[in-house]
Amino acid sequence: MGNLRFDLLFGLRFASTNVPGGNDVTIFGFGGRVFYVVHHSGMADFSLGGGLGLIFASAGVSNVNVDIEGLGQARIFLAPNFCFMGTLGLAVAITDKGAILEGPVIAQGAKTGFGIGGELLGSIGFAYFFK
């Protein structure tokens, strides 16, 4: 697709508490990111992009978080179909209940409410491309 790249994200977590009367936690999320290559040279490139994700959580009270991300990513190609990459960015999480379960806490334990929180994010990894 030329200078555009797309990532699809999926996550699932379940935690059972051993505390009497404690709530089990279930978190399911999905989202996507898009990157645009702004500079390419030899065996490396640099991209800017953004992402959008939804996280559905249940820990006694159901909660929906919307995550919005702004990102920069550098890739170093060791072969035409293999690269190491590093990503840095800023995520903003918006919730319709009292607590953001992944990220900064707005108002833990509230039954209703609205909050916005932000956090820095980063990742390193590798990718193998089937050509």
Side-chain angles (χ1 to χ4, degrees):
M1 297 217 28
N3 288 340
L4 282 178
R5 290 193 330 273
F6 297 93
D7 292 345
L8 295 176
L9 308 169
F10 171 79
L12 178 64
R13 182 172 79 181
F14 176 78
S16 178
T17 61
N18 292 330
V19 179
N23 293 319
D24 294 341
V25 177
T26 303
I27 299 174
F28 169 76
F30 64 91
R33 293 177 175 167
V34 61
F35 290 95
Y36 182 78
V37 178
V38 294
H39 188 263
H40 182 83
S41 64
M43 300 288 285
D45 66 20
F46 179 74
S47 304
L48 293 175
L52 179 67
L54 292 174
I55 300 172
F56 303 95
S58 175
V61 174
S62 295
N63 189 13
V64 178
N65 296 338
V66 177
D67 289 346
I68 303 167
E69 304 173 346
L71 306 159
Q73 184 179 75
R75 300 187 304 172
I76 299 171
F77 288 87
L78 302 179
N81 61 340
F82 182 83
C83 74
F84 283 110
M85 63 186 134
T87 306
L88 289 175
L90 176 68
V92 176
I94 303 168
T95 182
D96 66 345
K97 296 282 196 273
I100 296 176
L101 297 177
E102 297 294 326
V105 174
I106 302 293
Q108 185 69 35
K111 292 189 187 274
T112 61
F114 175 79
I116 298 176
E119 62 185 334
L120 291 175
L121 59 94
S123 65
I124 57 171
F126 65 91
Y128 182 87
F129 305 93
F130 293 96
K131 289 186 171 188

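On a predicted model such as this, the values are computed, not experimentally measured, just so you know.
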Intermediate values then yes/no, side-chain contact (heavy atoms from CB on, under 4.5 Å), Leu52 and Val66: CA-CA 7 Å; Leu52 179 67; Val66 177; 3.9 Å; yes
side-chain contact (heavy atoms from CB on, under 4.5 Å) evaluation trace for Asp24 with Phe14: CA-CA 7 Å; Asp24 294 341; Phe14 176 78; 4.0 Å; yes
Criterion ring pair (Phe, Tyr, Trp, His ring centres under 6.0 Å) on Phe10 and Phe28, from CA distance to verdict: CA-CA 8 Å; Phe10 171 79; Phe28 169 76; 5.4 Å; yes
Derivation and outcome, ring pair (Phe, Tyr, Trp, His ring centres under 6.0 Å), residues Tyr128 and Phe130: CA-CA 7 Å; Tyr128 182 87; Phe130 293 96; 5.1 Å; yes
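The shortest side-chain heavy-atom distance between Ile94 and Ile68 falls under the 4.5 Å cut-off. Residues Arg33 and Leu9 are in side-chain contact: their nearest non-hydrogen atoms beyond the backbone lie under 4.5 Å apart. Taking the side chain as every heavy atom from C-beta outward, Val92 and Asp67 never approach each other to under 4.5 Å. Side-chain contact between Arg5 and Val34: absent, with no pair of heavy atoms (C-beta onward) separated by less than 4.5 Å. Residues Asn3 and Val38 have side chains not in contact (no heavy-atom distance under 4.5 Å, counting atoms from C-beta outward). Contact annotation: the side chain of Phe129 never approaches that of Phe82 to less than 4.5 Å [non-hydrogen atoms, C-beta and beyond]. The shortest side-chain heavy-atom distance between Leu90 and Glu69 does not fall under the 4.5 Å cut-off. Leu4 places none of its side-chain heavy atoms less than 4.5 Å from the side chain of Phe35.
Counting only residues at least two apart or in different chains, salt bridge (Lys or Arg N to Asp or Glu O under 4.0 Å) contacts with residues 80-91 are absent.
The minimum heavy-atom distance between Ile27 and Ala57, with the atom names listed, is CG1-CB, 4.0 Å. The shortest non-hydrogen separation linking Gly122 to Leu88 is CA-CD2, 4.1 Å. Taking every heavy atom of both residues into account, Ala79 and Met43 meet most closely at N-CE, 4.2 Å.
Interatomic distance, CZ of Phe30 versus CG of Leu54, reported as 4.5 Å (0.5 Å rounding). Between His40 atom NE2 and Asp45 atom CG the span is 6.0 Å, to the nearest 0.5 Å.
Within a 6.0 Å sphere centred on CD1 of Ile124, heavy atoms belonging to other residues, nucleotides or ligands number 12 at most. With a 6.0 Å radius and a threshold of 12 heavy atoms from other residues, nucleotides or ligands, Ile76 has its CD1 atom at or below the threshold.
At a threshold of 4.5 Å between side-chain heavy atoms, the hydrophobic network of Ile, Leu, Val, Met, Phe, Trp and Tyr places Met85 and Leu121 in two separate groups. Cluster membership for Phe126 and Phe6, using ILVMFWY side-chain heavy atoms within less than 4.5 angstrom, is not shared.
Side-chain N/O atoms of Thr26 and Arg13 include no donor and acceptor closer than 3.5 Å.
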